[in-house]
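In what follows, every heavy atom counts, from backbone to side chain, and hydrogens, waters and symmetry copies are set aside. Residues take their numbers from the sequence shown, with the count starting at 1.
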Amino acid sequence: MRTEKFNKPEHSYDGDDINYAFECNGLQHRLVDIDVIVAEVCGENDGFDWFWILQMKDGSFSWATGGCDYTGWDCQSSAEIHDGFKTPEDAIEAVIVSEWDSRKDGIKKCLLGQVKDEIP
(Lines give C-alpha, C1' and ligand atoms only; values in the text may rest on other atoms or scores of the structure.)
Protein backbone atom coordinates (compact mmCIF):
# COMPACT_ATOMS: atom_id res chain seq x y z
CA MET A 1 0.00 0.00 0.00
CA ARG A 2 1.33 3.41 -0.88
CA THR A 3 2.37 5.55 2.07
CA GLU A 4 3.62 8.66 0.26
CA LYS A 5 1.82 11.69 1.68
CA PHE A 6 -0.53 13.53 -0.66
CA ASN A 7 0.37 17.18 -1.01
CA LYS A 8 -2.24 19.28 -2.76
CA PRO A 9 -0.34 21.17 -5.47
CA GLU A 10 -0.77 24.87 -6.08
CA HIS A 11 -2.37 24.27 -9.48
CA SER A 12 -5.05 21.65 -10.04
CA TYR A 13 -3.42 20.40 -13.23
CA ASP A 14 -0.16 19.52 -11.41
CA GLY A 15 0.32 16.01 -10.07
CA ASP A 16 -2.35 13.34 -9.90
CA ASP A 17 -5.60 13.57 -11.87
CA ILE A 18 -7.54 13.65 -8.60
CA ASN A 19 -6.50 17.30 -8.15
CA TYR A 20 -8.05 18.42 -11.40
CA ALA A 21 -11.04 16.07 -11.09
CA PHE A 22 -11.99 17.35 -7.65
CA GLU A 23 -11.36 21.00 -8.45
CA CYS A 24 -13.49 20.93 -11.60
CA ASN A 25 -16.36 19.14 -9.85
CA GLY A 26 -16.88 21.15 -6.66
CA LEU A 27 -14.81 18.87 -4.44
CA GLN A 28 -11.66 21.00 -4.15
CA HIS A 29 -12.31 21.50 -0.42
CA ARG A 30 -11.90 17.72 0.07
CA LEU A 31 -8.33 17.63 -1.26
CA VAL A 32 -7.00 18.88 2.08
CA ASP A 33 -8.64 15.87 3.81
CA ILE A 34 -6.54 13.35 1.84
CA ASP A 35 -3.51 11.94 3.64
CA VAL A 36 -2.42 9.22 1.17
CA ILE A 37 -3.67 7.94 -2.20
CA VAL A 38 -3.19 4.28 -1.30
CA ALA A 39 -4.34 2.80 -4.61
CA GLU A 40 -5.40 4.03 -8.04
CA VAL A 41 -6.74 2.66 -11.28
CA CYS A 42 -6.14 5.21 -14.00
CA GLY A 43 -8.73 6.15 -16.55
CA GLU A 44 -8.50 8.00 -19.82
CA ASN A 45 -10.06 11.07 -21.35
CA ASP A 46 -13.31 10.18 -23.13
CA GLY A 47 -12.96 6.61 -21.94
CA PHE A 48 -12.57 4.70 -18.71
CA ASP A 49 -13.11 6.37 -15.33
CA TRP A 50 -10.44 6.78 -12.66
CA PHE A 51 -10.76 5.07 -9.25
CA TRP A 52 -8.90 6.03 -6.08
CA ILE A 53 -8.68 4.54 -2.60
CA LEU A 54 -7.81 7.29 -0.16
CA GLN A 55 -6.57 7.31 3.40
CA MET A 56 -7.94 10.42 5.00
CA LYS A 57 -6.20 12.54 7.62
CA ASP A 58 -8.67 11.35 10.28
CA GLY A 59 -7.52 7.74 9.70
CA SER A 60 -10.63 6.61 7.81
CA PHE A 61 -10.66 5.47 4.19
CA SER A 62 -12.66 6.70 1.21
CA TRP A 63 -13.09 5.74 -2.39
CA ALA A 64 -13.46 8.21 -5.22
CA THR A 65 -14.11 8.03 -8.92
CA GLY A 66 -14.18 10.43 -11.81
CA GLY A 67 -14.24 10.71 -15.56
CA CYS A 68 -13.87 13.34 -18.24
CA ASP A 69 -14.43 13.90 -21.92
CA TYR A 70 -11.68 14.17 -24.52
CA THR A 71 -10.97 17.83 -23.65
CA GLY A 72 -10.14 17.09 -20.02
CA TRP A 73 -11.49 17.71 -16.55
CA ASP A 74 -12.41 21.36 -17.09
CA CYS A 75 -15.09 20.78 -19.74
CA GLN A 76 -17.42 17.84 -19.20
CA SER A 77 -16.43 15.72 -16.25
CA SER A 78 -17.63 14.12 -13.04
CA ALA A 79 -16.15 13.16 -9.70
CA GLU A 80 -17.51 11.80 -6.44
CA ILE A 81 -16.14 10.63 -3.11
CA HIS A 82 -17.57 8.13 -0.63
CA ASP A 83 -16.37 8.32 2.97
CA GLY A 84 -16.39 6.52 6.28
CA PHE A 85 -14.66 3.18 5.76
CA LYS A 86 -12.52 1.65 8.51
CA THR A 87 -10.11 -0.18 6.20
CA PRO A 88 -8.99 0.16 2.59
CA GLU A 89 -10.51 -3.26 1.95
CA ASP A 90 -13.91 -1.99 3.14
CA ALA A 91 -13.63 0.96 0.77
CA ILE A 92 -12.68 -1.31 -2.12
CA GLU A 93 -15.62 -3.61 -1.41
CA ALA A 94 -17.95 -0.58 -1.63
CA VAL A 95 -16.59 0.64 -4.99
CA ILE A 96 -19.32 0.77 -7.63
CA VAL A 97 -18.19 0.03 -11.17
CA SER A 98 -20.47 0.60 -14.12
CA GLU A 99 -21.72 -2.55 -15.78
CA TRP A 100 -20.56 -0.96 -19.04
CA ASP A 101 -16.94 -0.75 -17.94
CA SER A 102 -15.11 -3.67 -19.56
CA ARG A 103 -12.58 -3.55 -16.70
CA LYS A 104 -15.29 -4.09 -14.06
CA ASP A 105 -13.95 -7.45 -12.90
CA GLY A 106 -10.41 -6.15 -12.65
CA ILE A 107 -10.79 -2.78 -10.96
CA LYS A 108 -11.35 -4.07 -7.43
CA LYS A 109 -8.68 -6.76 -7.93
CA CYS A 110 -6.18 -4.12 -9.04
CA LEU A 111 -6.97 -1.81 -6.13
CA LEU A 112 -6.73 -4.68 -3.65
CA GLY A 113 -3.48 -5.89 -5.20
CA GLN A 114 -1.98 -2.44 -4.68
CA VAL A 115 -3.20 -2.29 -1.06
CA LYS A 116 -1.63 -5.71 -0.39
CA ASP A 117 1.62 -4.68 -2.18
CA GLU A 118 1.15 -7.50 -4.69
CA ILE A 119 1.18 -5.15 -7.68
CA PRO A 120 2.62 -1.63 -8.15
Side-chain angles (χ1 to χ4, degrees):
M1 181 166 71
R2 279 195 249 174
T3 58
E4 180 182 327
K5 297 291 184 183
F6 175 77
N7 292 313
K8 182 186 174 311
E10 181 179 340
H11 303 288
S12 63
Y13 46 81
D14 289 337
D16 197 286
D17 278 281
I18 198 168
N19 301 314
Y20 216 1
F22 274 32
E23 188 168 289
C24 291
N25 288 282
L27 297 171
Q28 64 271 19
H29 64 286
R30 295 303 311 275
L31 291 170
V32 298
D33 298 334
I34 300 170
D35 190 31
V36 178
I37 299 172
V38 298
E40 175 179 17
V41 172
C42 294
E44 60 188 6
N45 292 28
D46 213 24
F48 295 122
D49 285 349
W50 280 254
F51 290 88
W52 298 277
I53 301 299
L54 309 169
Q55 183 171 8
M56 309 308 277
K57 289 183 179 169
D58 68 2
S60 69
F61 290 87
S62 300
W63 70 274
T65 186
C68 63
D69 71 1
Y70 71 97
T71 61
W73 295 103
D74 59 348
C75 188
Q76 292 185 347
S77 67
S78 64
E80 57 188 69
I81 184 168
H82 303 268
D83 298 311
F85 301 96
K86 291 183 180 181
T87 68
E89 292 84 1
D90 291 342
I92 291 167
E93 182 63 33
V95 167
I96 299 169
V97 181
S98 167
E99 66 182 73
W100 305 108
D101 192 325
S102 62
R103 309 170 302 162
K104 67 181 171 198
D105 295 331
I107 290 173
K108 290 184 181 186
K109 288 179 185 175
C110 183
L111 293 168
L112 188 58
Q114 291 174 58
V115 165
K116 292 182 172 185
D117 288 324
E118 296 171 349
I119 58 175

Could you walk me through whether Ile107 and Leu111 satisfy the side chain to side chain contact (heavy atoms under 4.5 Å, CB included) test, starting with their C-alpha distance in whole Å, then the side-chain angles of each, then the deciding distance to 0.1 Å, before giving a yes or no? CA-CA 6 Å; Ile107 290 173; Leu111 293 168; 4.0 Å; yes

Give a yes or no on this: more than 12 heavy atoms of other residues, nucleotides or ligands lie within 6.0 Å of atom CD of Glu44. yes

Are any non-hydrogen side-chain atoms of Lys5 and Asp35 less than 4.5 angstrom apart? yes

Could you check whether any side-chain N or O of Gln114 sits under 3.5 Å from a backbone N or O of Arg2, counting only pairs where one atom can act as donor and the other as acceptor? no

What distance separates Ile18 CD1 from Phe6 CZ, expressed to the nearest 0.5 Å? 6.0 Å

Consider only side-chain heavy atoms of I, L, V, M, F, W and Y, link residues closer than 4.5 Å, and tell whether Met56 and Phe85 are in one cluster. no

Please examine the side chains of Ser102 and Phe48, heavy atoms only from C-beta on, and report whether any two atoms are closer than 4.5 Å. yes

Distance, nearest 0.5 Å, that separates OG1 of Thr65 from CH2 of Trp50: 10.0 Å

If we ignore angles and hydrogens, is there a donor and acceptor under 3.5 Å between the side chains of Ser60 and Asp83? no

Does a sphere of radius 6.0 Å around NZ in Lys109 hold more than 12 heavy atoms from other residues, nucleotides or ligands, not counting ones at 6.0 Å or beyond? no

Looking at every heavy atom in both Cys24 and Asp74, which two are closest together, and how far apart are they? SG-CA, 3.6 Å

Ile119 with Val36, same ILVMFWY side-chain cluster at under 4.5 Å: no

Is the count of non-hydrogen atoms from other residues, nucleotides or ligands lying under 6.0 Å from Glu80 atom CD greater than 12? yes

Determine, using the 4.5 Å side-chain heavy-atom cutoff (strictly less than), whether Leu31 and Val38 are members of one ILVMFWY cluster. no

Those residues at least two apart in sequence (or on a different chain) that pass side-chain hydrogen bond (donor to acceptor under 3.5 Å, both in side chains) with Lys116 are none

When rounded to the nearest 0.5 Å, the distance separating OG1 of Thr3 from CG of Asp117 is 8.5 Å

How long is the straight-line distance from CD1 of Ile53 back to CG of Leu112, given to the nearest 0.5 Å? 9.5 Å

Glu4, CD atom: more than 12 neighbouring heavy atoms under 6.0 Å: no

What is the distance from atom OG of Ser77 to atom CG of Asn25, rounded to the nearest 0.5 Å? 3.5 Å

Atom pair CG (Asp69) and OG (Ser78), whose distance is rounded to the nearest 0.5 Å: 10.5 Å

Charged N to carboxylate O below 4.0 Å: is that the case for Asp101 and Lys104? no

Work out which heavy atom in Met1 is nearest to a heavy atom in Pro88; give both atom names and the distance. SD-CG, 3.9 Å

Scanning both residues in full, the closest heavy-atom pair of Gln55 with Phe61 reads CB-CE2, 3.6 Å

